[in-house]
Amino acid sequence: MTTESRPAAPRERAAAELTAARARTAALTDAVTDEDLTAQHSPLMSPLVWDLAHIGNQEELWLLRRVDGRESMRPEIDPLYDAFQHPRSERPKLPLLGPREARRYAAEVRGRVFDLLERTPLEGSPLLDDGFAFGMIAQHEQQHDETMLITHQLRRGAPVLTAPDPDPPQGPPPPTAEVLVPGGPFTMGTSAEPWSLDNERPAHVRDVAPFWIDTAPVTNAAYLAFMADGGYRDARWWAPEGWEQIRAHAIEAPLFWHREGGIWLRRRFGVTEPVPDDEPVLHVSWYEADAYARWAGRRLPTEAEWEKAARHDPRSGRSTRYPWGDSDPTPAHANLGQRHLRPAPAGSYPAGASPLGVRQLIGDVWEWTASDFLPYPGFRPFPYREYSQVFFGPEHKVLRGGSFAVAPVACRGTFRNWDLPVRRQIFAGFRTARGGDA
Ligand SMILES: [Fe+2]
């Protein structure tokens, strides 16, 4: 009794998504000098010029070589752009393509890919069905664009990116701070979404006990109350590894925050500004999210709870693609796609609310969940083990919902992201839950 719906997946969708991804890549890499492109702004990140050529190299690998059966265009560079051969900290020392060469290479690959997209049938193999490999590559490029935006956030110096602020919330705030999600089975994961990735598959039934979940992500104001109450100085709230981490690194606030004259300020893409009270908190580790939740007498939702809150429609019993239904996201539904360089105030986007009234599940901030990154029952690695399988295990925590930096093509109610619980530079916040059997 797994029921879900699916979108259309025309050739035009693949062309449009590849084009949108490349426009964003260009904007992120054209915004800085060549010197900046080749510099390493943080040992956590690659130089931007690595991402640029890696985007082209993965596109060549999957579409021109695997789908179309061609030989490698530049065999000598392939190992340089294999993420598994070189950790990020080592990449600046590699003989990487320079900015001009990297741009030219990525453009040449793209030209050949568009020829292929015009003539290849989008059926007949798992890579081709519904244009999956093209969709996978568009998502891959957008995910690297998000990574490059993180590099921009870590970069020191004058601002080079601009975007309008989100509008103030439309309509009244949510009527309550939390909602009750009824217990019982629901369909988790997907077998129908054509561009879903292996770790989102297959659809399966999960039983979840009734639980309460926040109608909006935890705000800076709420998080400041935790800080003011000595949250960072009280071991009671912290997982032992989290306590060790904040003490070892003298952490006392979210990343990019500092205090001046009794006011908390943050650095955001080169701008220093007071921390806004009403925005979802950003740049906290899983440990910080977990400690806040315990201090508040609550807990992080499990991944299954998060997905039930986001997809289960109690009126129909179906799981929808998004909290608001099956239609693709629009700017009225969610803060996605780097239209803004910050989350929108908590309580925004009533049009994007779930049937139970939970808001901002999609967009704004990635949301840490309580869950380890594990395969669903019936998981099969596709198209390669390194996509997801090698990351399964207790060392990675699942994040859900996407952030303002995530493109719609790489964001769904089923989309799963994962990271180490110490990570803070990612665009992550959280919401809390209580009750249930977690
Ligand atoms: Fe990659």
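Indexing begins at 1, ligand by ligand and atom by atom, following the structure's order. Side-chain atoms are counted along with the backbone in the values below, which use heavy atoms only and exclude waters and symmetry mates.
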Is the Trp238-Tyr232 ring centre distance short of 6.0 angstrom? yes
Are Phe379 and Tyr376 an aromatic pair by the rule of ring centers under 6.0 Å? no
Side chains of Trp306 and Glu367, donor plus acceptor under 3.5 Å: yes
Run the side-chain contact (heavy atoms from CB on, under 4.5 Å) test against His41 and tell me which residues pass, sequence neighbours left out. Asp36, Ala39, Thr151, Arg155
Of all heavy-atom pairs between Arg88 and Leu44, which one has the smallest distance, and what is that distance? CD-O, 2.9 Å
So, Arg311 versus Thr414: side-chain donor-acceptor pair below 3.5 Å or not? no
I want to verify a count. Protein N, O or S atoms less than 2.8 Å away from the Fe ion (ligand 1), how many are there? 3
